[in-house]
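Everything on this sheet refers to the single structure shown next.
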Amino acid sequence: MMFQATLDSVAFQLSDAKETTRFAIQQLSQITGLTWRSEAGRAFAGQVEELNGRLKVLAGVLVDAEAYLAVATNEIRALEAQINEQRMAS
């Protein structure tokens with residue numbers, strides 16, 4: 001009930017973060033494919049590549065967080081069902 005709304009909100013935020021991260025990875029991948037002639041351009045490309053790698057790690061963490069949230073959601077539903085059963089029994 002109350003917890004479910006919170007979990008739904010977190011799930012939405014995780015989904016949004018995943019989409020944003022995927023979009024950023026796509027955009028940065030386009031930059032890393034360019035040829036840079038200047039030293040500054042190559043340095044920039046190196047930084048972009050590093051950021052892209054970090055975003056890929058973040059994407060994996062977000063997937064793990066979604067799995068954890070799914071487990072938590074199931075546990076909350078089970079607890080809420082037990083609470084409702086106890087209320088009905090008393």
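Bear in mind that the values here come from a model prediction, so they are computed numbers and not experimental data. Start at 1 with the first residue, then count along the sequence.
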* To do: Mark yes when over 12 heavy atoms from residues, nucleotides or ligands other than Glu49 sit less than 6.0 Å from its CD; otherwise mark no.
  => no
* To do: May I ask you to decide whether Glu39 forms a salt bridge with Arg42, counting only side-chain N to carboxylate O separations under 4.0 Å?
  => yes
* Find the distance between CG (Asn74) and CG (Leu69) and round it off to the nearest 0.5 Å. => 9.5 Å
* Using the rule that two of Ile, Leu, Val, Met, Phe, Trp, Tyr join whenever any of their side-chain heavy atoms come within less than 4.5 Å, decide whether Leu34 and Leu55 are in one cluster. => yes
* Structure fact -> Looking only at heavy atoms, the pair that brings Ala45 and Thr32 closest together is O-CG2, 4.4 Å
* Asked: About how many Å separate CZ of Arg77 and CG of Leu7, when rounded to the nearest 0.5 Å?
  -> 8.5 Å
* Asked: Hey, is the main chain of Ala5 close enough, under 3.5 Å, to the side chain of Ser9 for a donor-acceptor pair?
  -> no
* Asked: Do the side chains of Arg54 and Leu58 get nearer than 4.5 Å, heavy atoms only?
  -> no
* To do: Go through Val48 and Leu51 one step at a time and tell me if the side chain to side chain contact (heavy atoms under 4.5 Å, CB included) criterion holds.
  => CA-CA 5 Å; Val48 166; Leu51 178 58; 5.7 Å; no
* Asked: How long is the span from the CD atom in Gln27 to the CG atom in Asn52, to the nearest 0.5 Å?
  -> 10.5 Å
* To do: Of all the heavy-atom pairs spanning Gly41 and Ser38, show the shortest one and how long it is.
  => N-OG, 2.9 Å
* Pairs satisfying ring pair (Phe, Tyr, Trp, His ring centres under 6.0 Å), at least one member in residues 27-59, at least two apart -> Trp36-Phe44
* Taking Thr21 for the side chain and Ala17 for the main chain, is one N or O donor matched with an acceptor at less than 3.5 Å? -> yes
* **Intermediate values then yes/no, side chain to side chain contact (heavy atoms under 4.5 Å, CB included), Leu62 and Glu66** => CA-CA 6 Å; Leu62 291 171; Glu66 275 188 328; 6.0 Å; no
* Report the C-alpha distance between Asn84 and Glu80 in whole Å, list the side-chain angles of each, state the deciding distance to 0.1 Å, and finish with yes or no for side chain to side chain donor-acceptor pair (under 3.5 Å). => CA-CA 6 Å; Asn84 286 335; Glu80 286 178 343; over 6 Å; no
* **Crowding at NZ, Lys56 (>12 non-hydrogen neighbours, <6.0 Å)** => no
